[in-house]
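Contents: one structure, followed by commentary.
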Amino acid sequence: MSTQPSVTRMEKIVSLCKRRGLIFQSSEIYGGLNGFWDYGPLGAELKRNVKELWWKSMTRLREDIVGLEATIIMHPDIWKASGHVDTFSDPMSTCRACKKLVRSDQVWDMLETVPWAETIRSLCPEGKADVDGLLKWAKNKGLRLVPDLALVKDPEGVLATLAKRSSEATSVQATFEILSTAAAEGPLSTPCPHCGGELTEPRPFNLMFKTYVGPAATEDDIAYLRPETAQAIFVQFKNVLETSRVKVPFGICQIGKAFRNEVTPRNFTFRSREFEQMELEFFIKPDEVIEAQHGKTASLSDGAASTDPQPNWGWEVWHMYWVEERFRWYDSIGLKRSSLEEYWQKPDELAHYARATVDILYKFPFGTQELEGIAARGNFDLSQHQKFSGKSMEYFDQEANVKYVPHVIEPSAGVDRLILALICEAYEEEEVTDDKGQKEVRTVLHFHPRVAPIKVGIFPLLKNRPELVQKAVEIRDLLRQHMNVFYDETGAIGRRYRRQDEAGTPFCVTVDFDSIGENGPELQDTVTLRHRDSMTQERVRIADLLPFLQSQIL
RNA sequence: GCGGGUAUAGCUUAGUGGUAAAGCUCCAGCCUUCCAAGCUGGCUAUGAGGGUUCGAUUCCCUCUACCCGCUCCA
């Protein structure tokens, strides 16, 4: 792999994506739109292949998962139940001094962990300030640690203000605020955890896209473009259950668009405002039910999760099983385990409803970033919808003879991130030496044949020989029924090979004079099969082409 | 949202207050018996909008997009 600076590598990848028609900027002729990207002809094929492989592995190759395709706009109460209306509108503040952006609701939590803030708190227990201590600190340590804190910038003035406003200093936090405020009167400010500077008033950051249902477009008609596809699965849980003859444990999966007004769309398509998700909600029995049935749940130390699913698996084993399944799937489309990282969220990072979350990350040129999260969510979501809708989400388990709200394991992947990872992983600038000893760069996308946008390039060796062209066209028409092929007769054969290298086409077939029997009947109806990665060629019979190619792409 | 940078053809880059240059790519043709060959011809650009000026791609302002930080977790 390349050793060039990562920025350059990413820029080259972006450039290639445009040049070969993988990814374009949305609305480009109008100047583009921040956070939106389009897929060109090659990108559309690539993305389609990836989604179909996921869908096939989830639904068709399994007995225990069914599919769903829900609408993007749903009843707005869904997002109240899911918590998105609250959690997706974080108030944010900017520090006037260091310009950093912080979540207003997390400032005091952050200040709990900062040493300089700890010092201040210890100097004003219950709000009663140790004036001498503060003065000394402000003129020594404070000067080094937080030069932008009001107390540090003007110790005497701020302490005088504190004395004047002592009636307000009723708690550690209130005193802290007074010590962070430069003005002698007026509203108190909150200190920036990074530098002690003043933070701006909290500004609401609304991450959900709003729209109106109905032409009247009044406040009562507000709805949201879904910020994730998962909620639709929970909302349709009962319908699927009653129509699909499924039994817990089982899953419902969905692929679809989701929308988030990201604060900072960045890193090419990595964080987009319109993006696509592939999500599975896999419903399992609560551990208590397993214990009642089997005495205890299987534990990870028994080697569970590496076998096929067993009836005594509790949530921990199911969670691990899905982590492993997802790694296996990534491997099957060309993302080796060694290219990925696994990150177990620490207890304090977990969402309040999550019991465990594992992130699968890819080492992008711009940093190691998340592709998929696999969360054990308990029964939070179904319970929320039960509460908000007033409809029962309970499942009657005939085996255990009990009713319960199932728990869930949620593998949730970003399609567009995965596409970008596949491109980054596949990209290589290879130095090759030609016949004359000249060194040149060959740009190749080493896509796995399963995801490659074009599976095979088909060329007549020369375009001015009708027999060659005719044979090549016949092969094209034979293969195109089964896969995406690309026919090309222009320019020199080497140029055509290199073009396909850049498009990531794993195989090329060339019809030459042997193919039409000019050099003896034993070579008639054979062609050259050229392999992208090794650039080697072999002679194969036309009749063997289709079975060979299918074995590579299925 | 804040701060810093960038914007010239499909791509990579020149350049100037007065006609915008090149390489690669692409298209057409000739030639060509397996790895970006050669020859001929062709298409295509100053991100958008204002201003200063006789005249702006160049100077000034605004906007937009992209890149880098703050933030983020599909």
Side-chain angles (χ1 to χ4, degrees), chain A residues 7 10-12 14-21 24-36 90 92-96 98-103 106 192 194 200 203-205 207 227-230 257-260 262-272 275-279 343 345 349 351 357 359-361 366 369-373 375 410-418 432-436 438 440-443 459-465 468 490-502 508 510-515 518-519 527-528 530 532 535-537:
Chain A
V7 190
M10 196 59 213
E11 280 168 0
K12 285 181 176 167
V14 172
S15 173
L16 175 73
C17 281
K18 177 165 190 192
R19 182 154 32 94
R20 304 265 36 148
F24 304 130
Q25 191 177 21
S26 165
S27 320
E28 195 190 83
I29 62 167
Y30 286 95
L33 192 60
N34 193 338
F36 296 86
D90 302 324
M92 307 289 272
S93 302
T94 312
C95 174
R96 294 189 210 277
C98 70
K99 308 296 181 192
K100 287 188 176 168
L101 187 70
V102 293
R103 272 178 57 173
Q106 287 183 351
C192 168
H194 303 284
T200 59
R203 230 189 338 261
F205 271 50
L207 291 241
E228 62 171 35
T229 59
K257 288 284 182 86
F259 303 81
R260 292 183 194 175
E262 291 294 342
V263 179
T264 314
R266 199 58 70 78
N267 289 325
F268 199 28
T269 58
F270 182 80
R271 178 169 283 112
S272 299
F275 60 101
E276 201 153 14
Q277 294 182 302
M278 305 186 291
E279 294 194 296
Y343 178 78
Q345 287 192 11
E349 295 170 326
T357 298
D359 294 334
I360 296 178
L361 308 102
F366 48 80
Q369 300 275 357
E370 186 186 349
L371 289 183
E372 171 160 357
E410 177 191 274
S412 169
V415 184
D416 308 272
R417 291 179 169 193
L418 174 53
V432 292
T433 311
D434 67 15
D435 308 338
K436 298 161 200 121
Q438 293 280 325
E440 55 170 5
V441 172
R442 180 175 84 118
T443 304
F459 319 135
L461 186 58
L462 300 173
K463 76 167 164 182
N464 57 2
R465 304 299 164 92
L468 295 182
T490 63
I493 192 73
R495 176 185 291 286
R496 285 178 262 166
Y497 285 149
R498 295 301 174 84
R499 263 204 281 255
Q500 292 308 309
D501 288 342
E502 253 194 6
C508 290
T510 300
V511 174
D512 59 15
F513 292 91
D514 291 348
S515 313
E518 268 194 13
N519 299 313
V527 290
T528 307
R530 184 257 194 186
R532 174 196 62 203
M535 290 201 287
T536 53
Q537 302 184 156

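All values derive from a computational prediction rather than experimental measurement. Note on naming: letters A, B, ... go to the chains in the order of the sequence lines (proteins, then strands), and numbering restarts at 1 for each one.
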What are the two closest non-hydrogen atoms of A:F513 and A:L468, and how far apart are they? CZ-CD1, 3.8 Å
Base, sugar-phosphate or nothing for A:E372? Non-hydrogen atoms, less than 4.0 Å. sugar-phosphate
C1' atoms of B:U57 and B:G15, separation to the nearest Å: 10 Å
Touch class at under 4.0 angstrom, heavy-atom based, for A:S15 against every strand present: sugar-phosphate
Does a distance-only test, which skips hydrogens and angles, find a donor-acceptor pair under 3.5 Å between the side chain of A:R530 and the base of B:C35? yes
From C-beta outward on A:F513, which listed nucleotide comes closest to its side chain: B:U33, B:U32, B:A74? B:U33
CZ-CD distance between A:F270 and A:E262, expressed to the nearest 0.5 angstrom: 10.0 Å
Measuring only the P atom in each nucleotide, how far is B:A20 from B:C43? A whole number of Å is fine. 15 Å
Interatomic distance at C1', B:A74 relative to B:U13, whole Å: 37 Å
Give A:D512 one of three labels, base, sugar-phosphate or nothing, depending on what nucleic acid heavy atoms sit under 4.0 Å from its own. base
Contact class for A:S272 (heavy atom, under 4.0 Å): base, sugar-phosphate, or nothing? base
Quick one: does A:T490 reach the base of B:C27 with a side-chain donor-acceptor pair under 3.5 Å? no
Look at all strands and tell whether A:G21 reaches a base, only sugar-phosphate, or nothing, counting heavy atoms closer than 4.0 Å. nothing
Touch check for A:E502, heavy atoms < 4.0 angstrom, all strands: base, sugar-phosphate only, or nothing? base
Using atom P in both nucleotides, what's the gap between B:A36 and B:U25 to the nearest angstrom? 11 Å
Donor-acceptor contact below 3.5 Å, side chain A:R417 vs main chain A:E370: yes
The side chain of A:R499 lies closest to which of these nucleotides: B:C73, B:C26, B:U71? B:C26
Look at the side chain of A:T528 and the base of B:C34, then say whether one donor and one acceptor between them are separated by less than 3.5 Å. yes
A:N464, nearest nucleotide to its side chain (from B:U32, B:A74, B:C11): B:U32
Using a heavy-atom cut-off of under 4.0 Å over every strand shown, decide if A:D501 touches base, sugar-phosphate, or nothing. nothing
Nearest-nucleotide pick for A:A492, side chain only, options being B:U71, B:A37, B:C34: B:A37
Could you tell me how far apart A:F459 (CZ) and B:C34 (C1') are, to the nearest whole angstrom? 11 Å
Which base sits across from B:A65 as a Watson-Crick or G-U pair, both distances under 3.5 Å? B:U6
Quick note, A:Y497 side chain, CB onward, closest among B:C66, B:C34, B:G1 is B:C34
Heavy atoms under 4.0 Å, any strand shown: does A:Q277 hit a base, just sugar-phosphate, or nothing? sugar-phosphate
Between B:G10, B:C26, B:U32, spot the one nearest the side chain of A:R495, thanks. B:C26
Quick one: label A:F268 by what it contacts on the DNA or RNA (base, sugar-phosphate, nothing), any heavy atom closer than 4.0 Å. sugar-phosphate
Which of B:C66, B:U33, B:C68 is nearest the side chain of A:N267? It is B:C68
Same-atom distance (C1') from B:U58 to B:G17, integer angstrom: 7 Å
So A:F459 and A:R530, side-chain contact (heavy atoms from CB on, under 4.5 Å) or not? Walk me through it. CA-CA 11 Å; A:F459 319 135; A:R530 184 257 194 186; over 6 Å; no
Do we see a donor-acceptor contact under 3.5 Å between the side chains of A:T443 and A:R19? no
Say we look at B:A7 and B:G47: how far apart would their C1' atoms be, to the nearest angstrom? 6 Å
For A:L16, answer base if it contacts any base atom (sugar-phosphate contacts may also be present), sugar-phosphate if it contacts only those atoms, and nothing otherwise; contact means non-hydrogen atoms under 4.0 Å. nothing
Taking atom P in both B:C60 and B:C72, compute the distance separating them and give it to the nearest angstrom. 37 Å
Determine whether any donor atom in the side chain of A:E262 lies under 3.5 Å from an acceptor atom in the base of B:A74, or the reverse, and answer yes or no. yes
Any donor-acceptor N/O pair under 3.5 Å between B:G69 base and A:R266 side chain: yes
Looking at A:N34, I'd like to know whether one of its side-chain N or O atoms comes within less than 4.0 Å of OP1 or OP2 on B:U64. no
Mind checking the C1' distance from B:U16 to B:A21? Whole angstroms is fine. 11 Å
Heavy atoms, side chains only, cut-off 4.5 Å: are A:Q25 and A:K18 in contact? no
Distance-only, no hydrogens or angles: does the A:D359 side chain make a donor-acceptor pair with backbone N or O of A:L361 under 3.5 Å? no
